[in-house]
S.K.: 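Provided herewith is a single structure, encoded as structure tokens, for subsequent inquiry.
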Amino acid sequence: MRHWLMKSEPEVFSIDDLKENKKTSWEGVRNYQARNFMRDDMQLGDKVLYYHSNAEPTGVAGVAEVCRLAYPDPTQWDPRSKYHDASASREDPRWLMVDVKFVSRFSEVVSLESLKANPLLAGMPVLKRGMRLSVQPVSPEHFEEVVRLGIGGVA
DNA sequence: GCCAACGTTGGC
DNA sequence: GCCAACGTTGGC
């Protein structure tokens with residue numbers, strides 16, 4: 001099993017939204033590297049750190065789990081969608097998405113600041129300057145440490 | 001709102 | 001195939 005980090009702006013779709021809806025389709029990925037991770041490497045049951053970007057605070061808000069393998073993202077064909085891609089054809093879909101389901105919500109977001117301050121998390125991709133990938137792999141060790149921090153925050 | 005970092009596009 | 005221009009991401 002692999003581990004991942006996926007970014008979402010909580011104003012768009014937060015960990016609370018995921019908790020309420022139980023699951024969601026991860027639409028709107030329009031980056032080839034992120035798509036390829038979903039297409040080639042994600043497996044059912046893979047655990048995901050749910051990361052809030054452009055947030056206060058920014059950081060990991062909980063855990064999700066991959067519950068459907070990569071399949072075509074229909075928003076690529078929808079002219080009204082902000083994710084519309086006029087060059088994507090029905091026959092050869094360019095963009096894919098997975099479904100993820102809610103696993104847990106941390107009582108407090110494990111902030112980016114606290115991630116940076118933790119020596120055990122040195123080298124974690126999300127901490128790299130300029131790292132914009134919205135789907136990124138996480139080592140099992142880093143994953144467990146972030147979960148430990150998140151669970152540790154439970155009152 | 002600013003802007004650094006990065007990916008993509010398109011002219012050549 | 002190079003690379004400047006442009007658009008987007010995302011922390012601050």
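Nothing here was measured: the structure is a model prediction, and the numbers come from that model. Reminder, nothing fancy here: chain letters follow the sequence lines and each chain counts from 1.
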S.K.: Can you measure A:Glu11 atom CD to C:dT9 atom P for me and round it to whole angstrom units?
M.R.: 15 Å
S.K.: May I ask you to decide if A:Leu18's main-chain N or O and A:Thr24's side chain share a donor-acceptor pair within less than 3.5 Å?
M.R.: no
S.K.: Taking the six-membered ring of A:Phe102 as reference, does the NZ or CZ atom of A:Arg105 fall below 6.0 Å from its centre and within a 45° cone about the axis?
M.R.: no
S.K.: Whole-Å distance between C:dT8 C1' and A:Gln33 CD?
M.R.: 16 Å
S.K.: Within a strict 4.5 Å, meaning less than it, do heavy atoms of the A:Met6 and A:Tyr50 side chains meet?
M.R.: no
S.K.: So with a 6.0 Å cut-off around CD of A:Gln43, is the heavy-atom count from everything else above 12?
M.R.: yes
S.K.: Counting only heavy atoms not in A:Glu9, do more than 12 fall under 6.0 Å of its CD?
M.R.: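 More than 12 within 6.0 Å, yes.
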S.K.: Give the rounded distance in Å between these two atoms: CG of A:Asn31 and P of B:dT8.
M.R.: 6 Å
S.K.: Enumerate the protein-to-nucleotides 10-12 of chain C contacts in which both atoms are nitrogen or oxygen and the separation is below 3.5 Å.
M.R.:
{"from": "C:dG10", "atom 1": "OP1", "to": "A:Lys7", "atom 2": "NZ", "distance (Å)": "2.8"}
{"from": "C:dG10", "atom 1": "OP1", "to": "A:Arg132", "atom 2": "O", "distance (Å)": "2.5"}
{"from": "C:dG11", "atom 1": "OP1", "to": "A:Tyr51", "atom 2": "OH", "distance (Å)": "2.8"}
{"from": "C:dG11", "atom 1": "OP2", "to": "A:Asn54", "atom 2": "N", "distance (Å)": "3.1"}
{"from": "C:dG11", "atom 1": "OP2", "to": "A:Thr58", "atom 2": "OG1", "distance (Å)": "3.3"}
{"from": "C:dG11", "atom 1": "N7", "to": "A:Asn54", "atom 2": "OD1", "distance (Å)": "3.2"}
{"from": "C:dC12", "atom 1": "OP1", "to": "A:Lys116", "atom 2": "NZ", "distance (Å)": "2.9"}

S.K.: Between atom CZ in A:Phe37 and atom P in B:dG7, what is the gap in whole Å?
M.R.: 12 Å
S.K.: Just how far, in rounded Å, is P of C:dT8 from NZ of A:Lys82?
M.R.: 10 Å
S.K.: Please report the distance, rounded to the nearest Å, between CH2 in A:Trp95 and P in B:dG7.
M.R.: 13 Å
S.K.: If you measure only the distance, is there a donor-acceptor pair under 3.5 Å linking the side chains of A:Ser89 and A:Asp92?
M.R.: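 The answer is no; no qualifying pair exists.
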